[in-house]
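What follows is a single structure, written as structure tokens, with notes after it.
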2 protein chains.
Amino acid sequence: MNEESKHQESSPEPAGRTDRRVRADAQRSVDALLDAAKAVFATSGVDAPVREIAEKAGVGIGTVYRHFPQRSDLVAAVFRQEVDACAQAAAVLAAEHEPGEALARWMQRYADFIATKRGLASALHSGDPTFDSLPAYFQQRLHPALRTLIDGAAAVGAARGDIDADDLLSAVARLCMSANDDKPDHARRMVALLVDGLRYGATSSKDGK
Amino acid sequence: MNEESKHQESSPEPAGRTDRRVRADAQRSVDALLDAAKAVFATSGVDAPVREIAEKAGVGIGTVYRHFPQRSDLVAAVFRQEVDACAQAAAVLAAEHEPGEALARWMQRYADFIATKRGLASALHSGDPTFDSLPAYFQQRLHPALRTLIDGAAAVGAARGDIDADDLLSAVARLCMSANDDKPDHARRMVALLVDGLRYGATSSKDGK
DNA sequence: ATATAAAACGGAATGTCGTTCCGCTTTACC
DNA sequence: GGTAAAGCGGAACGACATTCCGTTTTATAT
């Protein structure tokens, strides 16, 4: 169940008869908007004015609302984009590191994502219908990524494999949302503890039980 | 321009009542505002316009801001008021029911409070300094109420007494904030389960296990 | 290459909101 | 009753999200 990238780098392939779909300038605007919004949200929070994002992206206000009918649509799009990046990171880490290390690094990557998005929890509980589909999207995108990493690590005996990916994802999310006010690295250590737990239960042999 | 006249000089009133403190019309305005805000927040959410509250209370906008310098001060005041009511309910329930029943009913009362205040979690995580003191106030007000109920129930063998009140309060809060979208009575049943757990561990006699 | 219609653009205009300001009214105390 | 402080109401202000529409750009047909 994969889905082609909706807004990736513009590839000038002339294939297809009716290319009436996406105009080049529109694609440029959307990309610039997403980049600008990500940067502005990171510095000024998700409550930053739309005008500030439009200015940083070098487009007019009207252009923002052409592509994102509501403010919340932009916010949701950025969240989705970051989740995509997080999911993609799984493949990259799996290619660059041995399975156990890849799993550990990805868990921290995911934890960082949750911890830095302070406005995420508020958005999900805001009642805005725009965000209703986000939880399902997150799980749909993150579950396979983590599942693959766990299986990979379990195959070489670097971690136990009998763990539900969703359980892990929600557990980490809860850990990172709780005590972020007191100690900045509290979440990091708790996640590391979780990963160590995965390693502890590893089975060296093929036979799981 | 800061508040300086809150506290008068050192004890200028020996026995007589100094009426220079609160003017009658001001008290009326504050009461009407609090009532109106509670009603409006319940129906339209905590993001309801200040003007709507002012109109419902029958006062002008200026009057709102005289007593609540910021919107968030009004929100916090309503939260505090509801927590007070919840804490007071403990004494009422203790007087009207036997200890075990009082404890059980109060837990549901508290659960209802948390579950219906959808904007509470968002407010606490909003970063607005106005809400910084709320968690401490909640605990300070609720802890003694629950502690008394637990002790009362434990004294007649209706519940175990070796439970930390804060643990219970935070556990119930978490339960009521999680799965409120799926099933409306999920929280209620989970809280009932918790209460049953308290009853299960009750000691009818003095034997310490 | 030029024409053309659709798509996209920019930004002024609109409406809502929080908050401030200030002249007028009420209250409490003498 | 006199008076001064406290309280009141609401117009005014600035920030924001969102809409509207005349102008410009793009993709395709000619």
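Chain letters run A, B, ... following the sequence lines, proteins first, then strands; residues in each count from 1.
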First encountered from the 5' end of DNA chain D, between B/Q27 and B/R51: B/Q27
Lys/Arg N to Asp/Glu carboxylate O, B/R80 vs B/D84, below 4.0 Å: no
Polar side-chain contact A/R23-C/dA7 base: donor and acceptor under 3.5 Å: yes
Between C/dC9 (P) and A/F68 (CZ): distance, integer Å: 11 Å
Spacing between B/Q70 atom CD and C/dC17 atom P, to the nearest angstrom: 18 Å
Whole-Å gap separating P (D/dC16) and CZ (A/R71): 10 Å
Whole-Å gap separating P (D/dT18) and NE2 (A/H67): 16 Å
A/I53 CD1 to D/dA17 C1', straight-line distance once rounded to whole Å: 12 Å
Distance, rounded to the nearest Å, where A/I61 contributes CD1 and D/dT18 contributes P: 11 Å
Under 3.5 Å donor-acceptor, B/S44 side chain and B/F41 backbone: no
Donor-acceptor contact below 3.5 Å, side chain A/Q108 vs main chain A/R188: yes
Rounded distance (Å) that lies between atom C1' of C/dG18 and atom CG of B/D73: 13 Å
Residue met sooner reading DNA chain C from 5', once B/S72 and A/T63 are mapped to nucleotides: A/T63
Side-chain donor/acceptor contact of A/R66 with base of C/dA7 under 3.5 Å: no
Phosphate OP1/OP2 of C/dC9: any A/S29 side-chain N/O under 4.0 Å: yes
Strand-adjacent residues in residues 35-50 of chain B, judged by heavy atoms under 4.0 Å from DNA chain C: B/A48, B/P49, B/V50
Whether A/W106 side chain and A/C86 backbone form a donor-acceptor pair below 3.5 Å: yes
Nucleotide D/dT18, atom P - distance to CG of A/L74 in whole Å: 10 Å
Donor-acceptor pair, side chain of A/D31 and main chain of A/R28, under 3.5 angstrom: no
NZ/NE/NH1/NH2 to OD/OE distance under 4.0 Å, B/R109 and B/D112: no
A/K38/A/D35 salt bridge by N-O under 4.0 Å criterion: no
Minimum-distance nucleotide to B/Y65 side chain [options: D/dG9, C/dG18, D/dC8]: C/dG18
